[in-house]
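In what follows, chains carry the letters A, B, and so on, assigned in the order in which the sequence lines appear, proteins first and then strands, with residues in each chain numbered from 1. The basis for the numbers below is simple: all heavy atoms, side chains too, and nothing from hydrogens, waters or symmetry mates.
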Protein chains: 2
Amino acid sequence: MPTDESASAFSAEPPPASSTKKRTRRRMTGKERREQLLDIGRTLFAERGFEGTSVEEIAHKAGVSKPVVYEHFGGKEGLYAVVVDREMRRLLDMVTGALTGGHPRELLEQAAFALLDYIEQYTDGFRILVRDSPVAQSTGTFASLISDIATQVEDILGREFKSRGFDPKLSPLYAQALVGMVALTGQWWLNVRKPKKAEVAAHLVNLAWHGLDGLEQKPRLIGHRRS
Amino acid sequence: MPTDESASAFSAEPPPASSTKKRTRRRMTGKERREQLLDIGRTLFAERGFEGTSVEEIAHKAGVSKPVVYEHFGGKEGLYAVVVDREMRRLLDMVTGALTGGHPRELLEQAAFALLDYIEQYTDGFRILVRDSPVAQSTGTFASLISDIATQVEDILGREFKSRGFDPKLSPLYAQALVGMVALTGQWWLNVRKPKKAEVAAHLVNLAWHGLDGLEQKPRLIGHRRS
DNA sequence: TGCCATACTTACGACGCCGTAGGTTACGGA
DNA sequence: TCCGTAACCTACGGCGTCGTAAGTATGGCA
């Protein structure tokens with residue numbers, strides 16, 4: 001069950017020492033170690049939050065001592081910043097990359113599906129993005145990074161709105177609403193895993209597109225590409 | 001600007017000592033102090049999170065020393081638990097209390113409006129509910145308390161679904177989607193305050209009811225009671 | 001083979017925070 | 001006016017954590 005990308009190619013703990021001789025621990029290149037620390041940090045931040053995670057623990061899980069972390073990132077905040085930055089990039093890339101197709105409904109489908117994809121593939125990253133950043137007011141005054149993501153999606157809606165004769169000033173509102181819909185449902189789905197992802201996506205699009213009034217019984221995705 | 005209810009009737013700091021004689025500090029009854037600590041705790045937890053808040057700081061802001069907090073709540077977790085419990089009660093009361101009217105669309109309107117109301121009136125409480133709980137897996141495996149709230153709303157949807165011939169197994173999904181929609185939008189709205197609350201509610205209901213396809217240009221609330 | 005940059009360590013100082021032991025003050029009633 | 005109870009305080013022990021100073025091993029390359 002591939003929960004999260006884990007590039008760490010080696011066991012974090014030193015090998016069980018089959019021989020009496022103390023097996024000299026594998027030495028990584030700077031880059032390798034850096035990536036490994038990022039992976040571990042992401043995992044820990046996701047499950048304990050920023051303040052709840054200690055540098056010592058990160059270092060320990062990497063089978064390494066504290067100063068190594070300081071060497072690479074200058075501290076906890078540094079590491080966290082890089083983790084968050086990468087996840088935001090990734091999510092944004094996935095969402096915008098999925099926005100193919102001209103029909104607005106197709107766009108909606110792709111976006112929703114991409115977000116669910118991200119949530120499934122990079123669960124830890126998603127958990128971090130949903131939490132509050134420690135250095136609040138960094139980007140502005142947004143409470144959650146996800147809310148921030150939504151603002152980057154709103155221009156897509158804005159264009160659509162304009163072409164339909166709606167007030168484009170409302171696009172941020174609707175963007176937040178749509179993202180919130182998918183995000184919270186995704187969060188819930190992570191713990192239930194009951195309907196399959198594609199089915200969840202179909203229902204979400206069904207709701208977003210037709211509304212409660214025109215709800216269909218057995219919704220199907222139209223422009224569905226990847227599994 | 002009444003951001004949050006703040007029952008604290010006295011300044012937290014001791015009076016600036018106008019005379020040379022050390023002005024003896026006001027003494028509260030147990031109940032008063034308890035409420036005051038809850039207020040302060042709510043505020044601090046909202047802005048710094050659970051782990052980021054220290055008992056010392058809470059006590060200090062109350063113009064009191066640490067052991068007082070321990071006397072009343074037995075520790076940080078105790079205080080936090082009470083704060084969370086009260087906020088969940090409050091939100092739930094407001095939402096369920098607003099569910100009057102028979103037409104499903106009216107129900108939706110009332111609920112959405114109530115949630116926005118709560119967000120506006122008890123901002124700090126909302127911020128706490130949106131964050132993760134420190135003792136995760138306490139209620140189950142839910143990441144956010146809001147998600148938990150949604151599950152308590154789903155049976156309303158469930159009934160409606162059954163009467164419409166939809167699969168009631170899907171009501172949790174749609175409940176999460178609807179709550180997520182309002183919650184994230186509310187969070188965003190807290191920092192923008194651009195359209196008025198009633199207008200936001202109208203648009204949200206518009207989206208939830210008609211969907212993107214049947215969007216109306218100037219939505220109006222129907223069963224709108226209080227301001 | 002020997003050098004040396006780079007990866008990594010042990011050890012420590014300082015600080016903040018949790019939680020408690022035990023003493024002190026105010027206040028209301030007899 | 002005295003006394004008991006409820007509200008509150010000072011002072012500490014202990015722990016975990018951050019971040020740094022200074023030294024050690026490793027392995028590629030001349």
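- Under the rule for a salt bridge (charged side-chain N to carboxylate O under 4.0 Å, His left out), B/E154 has no partner lying at least two apart in sequence or in another chain.
- For A/H72 and C/dA7, the NE2 to C1' distance is 8 Å, given to the nearest whole Å.
- Listed by chain and number, the residues in a salt bridge (charged side-chain N to carboxylate O under 4.0 Å, His left out) with A/E71 amount to none (sequence neighbours excluded).
- In terms of the side-chain hydrogen bond (donor to acceptor under 3.5 Å, both in side chains) criterion, residue partners of A/Y118 (sequence neighbours excluded) are, by chain and number, A/E87.
- By the 4.0 Å N-to-carboxylate-O rule, A/D93 lies too far from A/R90 to be salt-bridged with it.
- Atom pair A/L79:CG and D/dC18:P shows a separation of 12 Å (rounding to whole Å applied).
- Computed from coordinates, the A/R33 CZ to D/dT26 P distance equals 14 Å when rounded to whole Å.
- Between the P atom of C/dC8 and the CE atom of A/M28 lies a distance of 8 Å, rounded to the nearest Å.
- Checked against side-chain contact (heavy atoms from CB on, under 4.5 Å), A/L190 has the following partners two or more places apart in sequence or in another chain: A/I119, A/T123, A/F126, A/R127, A/R193.
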I'd like a table of atom pairs between the protein and nucleotides 4-6 of chain C - only N or O on both sides, under 3.5 Å - with the distance next to each one.
| residue | atom | partner | partner atom | Å |
| --- | --- | --- | --- | --- |
| C/dT6 | O2 | A/R27 | NH1 | 3.4 |

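- B/R86 is linked by a side-chain hydrogen bond (donor to acceptor under 3.5 Å, both in side chains) to B/E35, counting only residues two or more places apart in sequence or in another chain.
- In this structure, B/R34 has no side-chain hydrogen bond (donor to acceptor under 3.5 Å, both in side chains) partners at least two apart in sequence or on a different chain.
- Residues satisfying the salt bridge (charged side-chain N to carboxylate O under 4.0 Å, His left out) criterion with A/R48, sequence neighbours excluded, are A/E57.
- One interatomic measurement links the two molecules: CD of A/E51 to P of C/dC17, which rounds to 11 Å at whole-angstrom precision.
- Across the protein-nucleic acid pair, B/Y70 atom OH and C/dC17 atom P stand 11 Å apart, rounded to whole Å.
- Distance B/E71 CD to C/dA21 C1': 12 Å, rounded to the nearest Å.
- Remark: B/K66 engages B/E56 in a salt bridge (charged side-chain N to carboxylate O under 4.0 Å, His left out) (not counting sequence neighbours).
- For B/Q36 and D/dA7, the CD to C1' distance is 13 Å, given to the nearest whole Å.
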inquiry  = At under 4.0 Å between heavy atoms, how does the protein contact nucleotides 11-16 of chain D? Give one character per nucleotide, 5' to 3', with B, S or -.
reply    = ------

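- Residues passing the side-chain contact (heavy atoms from CB on, under 4.5 Å) test with A/V179 are A/I146, A/A150, B/L184, sequence neighbours excluded.
- Pairs of Watson-Crick or G-U wobble type, with distances under 3.5 Å, assemble into runs of 3 or more in DNA chain D at these ranges: C:1-30 with D:1-30.
- Counting only distance, with no hydrogens or angles, the side chain of A/E120 and the backbone of A/K197 share no donor-acceptor pair below 3.5 Å.
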